[in-house]
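Notes follow once the structure below has been shown.
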Amino acid sequence: MKEPSTSVGSPPVPAFLMKLWALLEDPSNSDVITWSWNGQNFCILDEQRFSKEILPKYFKHNNLSSFIRQLNMYGFRKVMSLESGLLKSDHGSCIEFQHPFFKKGKAELLENIKRKMSTVKSEDPHLTQEDLQKVVTELKDMKEVQSDMDTKLENMRR
Amino acid sequence: MKEPSTSVGSPPVPAFLMKLWALLEDPSNSDVITWSWNGQNFCILDEQRFSKEILPKYFKHNNLSSFIRQLNMYGFRKVMSLESGLLKSDHGSCIEFQHPFFKKGKAELLENIKRKMSTVKSEDPHLTQEDLQKVVTELKDMKEVQSDMDTKLENMRR
Amino acid sequence: MKEPSTSVGSPPVPAFLMKLWALLEDPSNSDVITWSWNGQNFCILDEQRFSKEILPKYFKHNNLSSFIRQLNMYGFRKVMSLESGLLKSDHGSCIEFQHPFFKKGKAELLENIKRKMSTVKSEDPHLTQEDLQKVVTELKDMKEVQSDMDTKLENMRR
DNA sequence: GCCGTTCTAGAATATTCGAAG
DNA sequence: GCTTCGAATATTCTAGAACGG
């Protein structure tokens, strides 16, 4: 079995991805979370047991939302099955995720998965309130000028 | 049978269209909703059973009007055929809809169907900046006019 | 007990708030979700039962995340209590939320809770299209004044 | 600095209601 | 009467932001 490595020479695979991989490789978890039938996606079969039993064994929390935040951070996308739209029974709480470089048996692809950068926003030159305030100030100045001019005109007419 | 896909590389087909397609492909629904004879349109044969039995299995509601709102949102138009207009006496009301890219057996056309944009003012980001630029330009023009007028006034006073 | 009303003359209270209120007023839910000891906040005592048993009875879903999204949309904020901050043992995850106009016994305050508008990214909440429209209107008025003034000037020159 | 956890918000589609044409 | 559409809220999925390790 090929295992993901953090050896020298290759960029290290973040802990989250290593844990996610280990989690799916452990057969004792397979009734709660497992690879999809074709190994292309993975599926959380029992949301409740996953968050309360599995998560704390691998992470510092037991919140599914935190786990999903990490998945999105690494570029995973939710797979929308037709069943997911139904409200009916509760046996269909299958949460499925996918990533182009996260495939069963392809541990060597893991290093291609990159965490999204923490956007240190470079101050978009978009429209700020300052810009609008400048315009408003100019308008006010122009109004004064117009008022002065109108006064002058009336004076001249007389 | 060709199935609609939401694979990577192609823009995903919205859930509504996928469900509508699945709905029509399921033979167990064919006595309630089905493709028209030539596969160009689809027809709701039994309005009551459709809304109360079929809809809640695919959507989070059981209202025909909500279903039709979605159809219109995606550009479907009601077909006013002679049959449906005249022979509605007792063989049920046949509600027929049509879309140029929604044809039986042509799942690959689905991705051409576009949802109409919500007319909310979400275009504020760039629209505002463009409009602000227009205002700024107008302000500049008005300043020139005011300067000219003020010059005229001073000339007249002398 | 005072109940929230959607009577004529007062702006209607959105369905979400009415349901949240009803949910908390129903004693049969009190072991899953209830007002805090002083009635200032409310607390979800059993996350699992709340999402799978309570939510689908009031909403069209059973996802806690969707419920929380609505809470934030209406301005509710999570309360970080000491208990919930600790990586506690197992005495249950208490999720507590608060809103200045959502207090036990004060149904008349509900109409003050406003949903956030579905708009834009700018962190300037005051920069709206309305503001720009005001400026544009002012500009138009000023143009008329200027035109009048210019006419007067030409008349005087002759 | 990068990563992990949490809370909140953005963005797109979905559902409802009622008015426009 | 009837089809289509506007607008508000609702639901879902993803991202922003703050903070700590």
Side-chain angles (χ1 to χ4, degrees), chain A residues 11-19 55 58-80 84-85 87 95 97 114-121, chain B residues 11-19 55 58-80 85 95 97 114-122 125, chain C residues 12-19 55 58-80 84-85 87 95 97 114-123 125:
Chain A
V13 175
F16 174 76
L17 295 176
M18 301 286 282
K19 291 177 179 178
L55 280 182
Y58 291 83
F59 305 98
K60 297 181 190 304
H61 64 86
N62 60 357
N63 303 310
L64 184 61
S65 62
S66 295
F67 179 72
I68 294 178
R69 184 68 193 92
Q70 283 283 67
L71 288 175
N72 285 323
M73 199 74 112
Y74 281 96
F76 285 75
R77 311 302 293 259
K78 186 160 186 175
V79 176
M80 236 97 78
S84 65
L87 183 56
I95 307 174
F97 277 89
K114 296 305 176 189
R115 194 182 203 264
K116 294 180 181 176
M117 293 164 299
S118 59
T119 49
V120 193
K121 62 168 182 184
Chain B
V13 175
F16 174 75
L17 294 175
M18 300 285 282
K19 292 177 179 179
L55 281 182
Y58 291 83
F59 305 98
K60 292 180 184 299
H61 65 84
N62 59 357
N63 305 309
L64 183 61
S65 61
S66 295
F67 178 74
I68 295 178
R69 183 71 192 89
Q70 283 283 68
L71 287 175
N72 286 324
M73 200 70 121
Y74 282 95
F76 285 75
R77 310 304 293 260
K78 188 162 188 174
V79 176
M80 309 292 254
I95 307 174
F97 279 89
K114 296 306 176 190
R115 196 181 205 266
K116 294 178 182 176
M117 293 165 298
S118 57
T119 44
V120 291
K121 55 202 172 185
S122 65
Chain C
V13 175
F16 173 76
L17 295 176
M18 299 288 281
K19 290 177 179 177
L55 281 182
Y58 291 83
F59 305 98
K60 293 181 185 296
H61 65 85
N62 60 357
N63 305 308
L64 184 62
S65 62
S66 295
F67 178 74
I68 294 179
R69 184 69 191 91
Q70 283 283 67
L71 288 175
N72 286 322
M73 199 71 119
Y74 281 95
F76 286 75
R77 310 304 292 261
K78 187 159 186 174
V79 176
M80 309 289 247
S84 60
L87 195 53
I95 307 174
F97 278 90
K114 297 306 177 189
R115 195 181 205 265
K116 295 179 181 176
M117 287 163 298
S118 65
T119 42
V120 270
K121 64 170 192 66
S122 175
E123 65 257 66

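Predicted model, so just to flag it, every value in this text is computed and none were measured. Just the heavy atoms: all of them, side chains too, but no hydrogens, waters or symmetry mates, feed the values below.
- Rounding to the nearest 0.5 Å gives a distance of 14.5 Å between CZ of A/R69 and CG of A/N63.
- Not one side-chain nitrogen or oxygen of B/Y74 sits closer than 4.0 Å to the OP1 or OP2 atom of D/dT13.
- Taking every side-chain heavy atom of B/I68 into account, E/dT4 is the closest of E/dT11, D/dT8, E/dT4.
- Side-chain proximity of A/F97 to the nucleotides E/dA15, E/dC5, E/dT14 is greatest for E/dT14.
- Spacing between atom CG of B/L71 and atom P of E/dT3 amounts to 12 Å, rounded to whole angstrom units.
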### Query
How does protein contact run along nucleotides 16-21 of chain D, one letter per nucleotide 5' to 3', with B for base contact, S for sugar-phosphate only, - for none, heavy atoms under 4.0 Å?
BB----
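- Taking atom NZ of residue A/K114 and atom P of nucleotide D/dC2, one finds them 12 Å apart after rounding to whole Å.
- The separation between B/I95 atom CD1 and E/dT3 atom C1' is 12 Å, rounded to whole Å.
- Taking the nucleotide of DNA chain D with the nearest heavy atom to each of B/P14 and A/R115, the more 5' of the two is matched to A/R115.
- Separating the NZ atom of A/K78 from the P atom of E/dT14 is a distance of 8 Å, rounded to the nearest angstrom.
- A close approach under 4.0 Å does not occur between any side-chain nitrogen or oxygen of B/R77 and OP1 or OP2 of E/dT3.
- A search for side chain to side chain contact (heavy atoms under 4.5 Å, CB included) contacts involving A/R77 returns A/Q98, not counting sequence neighbours.
- In this entry the distance linking CE of C/M80 with P of E/dG20 reads 11 Å, nearest Å.
- Residues satisfying the side-chain hydrogen bond (donor to acceptor under 3.5 Å, both in side chains) test with B/R115, not counting sequence neighbours, are B/Q70.
- Shown here for B/S66 and B/H61, the closest heavy-atom pair between the two residues is CB-CE1, 3.5 Å.
- In this model, the phosphate group of E/dC5 is approached by a side-chain N or O of B/K116 to a distance below 4.0 Å at OP1 or OP2.
- Under the rule for a ring-ring contact (aromatic ring centres under 6.0 Å, His included), B/F97 has no partner lying at least two apart in sequence or in another chain.
- Rounded to an integer number of Å, the gap from NZ of A/K19 to P of D/dC3 is 14 Å.
- Rounded to a whole Å, the CG atom of B/L55 is 14 Å from the P atom of D/dA14.
- Of all heavy-atom pairs spanning A/L64 and A/I95, the tightest one is CD2-CD1, 3.8 Å.
- When rounded to the nearest whole Å, the span between CE of C/M117 and P of D/dA11 equals 14 Å.
- Helical stems involving DNA chain D, defined as 3 or more consecutive Watson-Crick or G-U pairs under 3.5 Å, span D:2-21 with E:2-21.
- For C/F16, the ring-ring contact (aromatic ring centres under 6.0 Å, His included) test picks out C/F59, C/F67, C/Y74, with sequence neighbours left out.
- Between the NZ atom in B/K78 and the CG atom in B/N72 there is a gap of 10.0 Å [rounded to 0.5 Å].
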